[in-house]
Amino acid sequence: MALIARSEELALAELYDRHGRAAYALARRIVRDPNLAEDAVQDAFLAIWRGAARFVPERAGAVSWIMTLVHRRAVDIVRREQRRRSEPLDEPAVAAGSGPSAEDSAWLRLERERVQTALRQLPDQQRETLELAYYGGFTQPELADRLGRPLGTIKSQMFAALANLREILGPTAPEESWKTS
Amino acid sequence: MEDELIHDLCAAYALDALAPDEERAFEAHLASCARCREELAGLSETAAALAYAVPPAEPPARLRARILDAARAERPNVVPLRPRRSAGNIVLASVAAAAACAAVGLGIWAATLHGRLGSNNQALSALALHGASGSLVRAPNGEAALVVSGLSPAPPGKTYETWVIRSGKATRAGLFSGKSGTAIVQLTRRVPSGAIVGVTLERAGGVEQPTSTPLVTSAPAA
């Protein structure tokens, strides 16, 4: 029993070592505050821990699943902390000195470039809607308010944006490249 | 028409951008719509790719230790899940949403439910299965859903039958056919404290009492 618990702990540590940096960067982008970002990442990894009869960290889909959890936690937090959300979204989320480092793996750099390039190919309003929703944590009605567009327009722009992004990014799952690195 | 409209909510759901009332409606819809679950699985992958477009940020070194310490302090594999609402098919709706987003190993899917916790104080628990991958998700009132993967489709003329088993007595709790992916089965009967849930293979239409020992069993309900 102790052996099982031990191996699960190692699995959790391995999961964190692989994905903790990307998870933290995402949380930081959404909640801004470093302490709240830590809370979001910790919540997500503990949720994994609680649900994990067995980890399959290398399995395709696992990475995006972790990010789904982190995103949800971060959005919950930012909705609670209303005041942060009025800050402009283009403000850099990275504190001085924590820019690209040797620790920033080549894979993460490539993936960032790939997704940013894809985002730039979206029509402006679609990109704006998508980014405010995903990174800003705004709901559709909030976006309609903020952007002064009808709710129906926001809904169709958001759907089109994500569907287009899926087209542009293509079928290559990020974790496949991850496994080869 | 209405189906088309609710289908369009997949993208916003994948982005966590639905208003709370629409989110609830969509989760309830997911429970009965395989097409939306499949669509959501794909769109969730795309949404998650957005996670990688953010500026790099180095987590403080203490975060790793903090997470591992907190994990060690908890009993693993007991999942306190807090759904957002107290009435209706909470179990089924939450399970469907989680299963769609977590198109990954079922050992860890339940964490998505936890990730969607709300302020409602009704807690769901996820019980481990023996004999197949998956979990039994149960609300305190006994309402439960079985999420199981890796059961091959029932052969022609056969069906899987679920049972609530307590003190050696088995009560019928619903039929399902099994499929190559993940099956989500809402039990027609509540699962009382101390009971387990079992699955047997029976003739089509089901039987009154199980004809074999269960192929799959859950851990006992708390």
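To the nearest 0.5 Å, atoms CG (A/Leu26) and CG (B/Leu50) are separated by 9.0 Å. One distance of note links CG of B/Leu15 with CG of A/Leu130; it measures 5.5 Å at 0.5 Å rounding. Distance check, rounded to the nearest 0.5 Å: CG of B/Asp16 to CZ of A/Phe138 gives 14.5 Å. Between the CG atom of A/Leu162 and the CG atom of B/Leu43 there is a distance of 5.0 Å, given to the nearest 0.5 Å. Remark: A/Gln42 CD to B/Asp69 CG distance equals 9.0 Å, nearest 0.5 Å.
A salt bridge is absent between A/Glu38 and B/Arg64; no separation between the charged side-chain nitrogens and carboxylate oxygens falls under 4.0 Å. Under a 4.0 Å N-O distance rule, the pair A/Arg166/B/Glu45 does not qualify as a salt bridge. For B/Arg66 and A/Asp39, the salt-bridge test passes: some basic side-chain N is under 4.0 Å from an acidic carboxylate O.
B/Tyr52 pairs with exactly one of A/Arg114, A/Arg109, A/Glu113, A/Glu111 by the side-chain contact (heavy atoms from CB on, under 4.5 Å) rule, that one being A/Glu111.
The two residues A/Tyr134 and B/Ala48 have their closest heavy-atom pair at OH-CA, 4.1 Å. Closest approach of B/Ala53 and A/Tyr135 over heavy atoms only: CB-OH, 3.4 Å. Of all heavy-atom pairs between A/Ala25 and B/Pro55, the closest is CB-O, 3.7 Å. Between B/Ala71 and A/Leu12 the shortest heavy-atom distance is CB-CD2, 3.4 Å. When all heavy atoms of B/Ala70 and A/Leu46 are compared, the pair lying nearest together is CB-CD1, 3.8 Å. Heavy atoms only, all atoms of each residue included: B/Ala57 and A/Tyr24 are closest at O-CD2, 3.6 Å.
Interface residue A/Tyr16: only side-chain heavy atoms are found under 4.5 Å from chain B.
Proximity of A/Arg28 to B/Glu58: side-chain heavy atoms (C-beta onward) are nowhere separated by under 4.5 Å.
By a heavy-atom distance cut of under 4.5 Å, A/Gln116, A/Leu119 are the residues of residues 116-124 of chain A near chain B, going up by number.
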Step-by-step side-chain contact (heavy atoms from CB on, under 4.5 Å) determination, A/Thr139 to B/Leu18: CA-CA 5 Å; A/Thr139 64; B/Leu18 285 178; over 6 Å; no
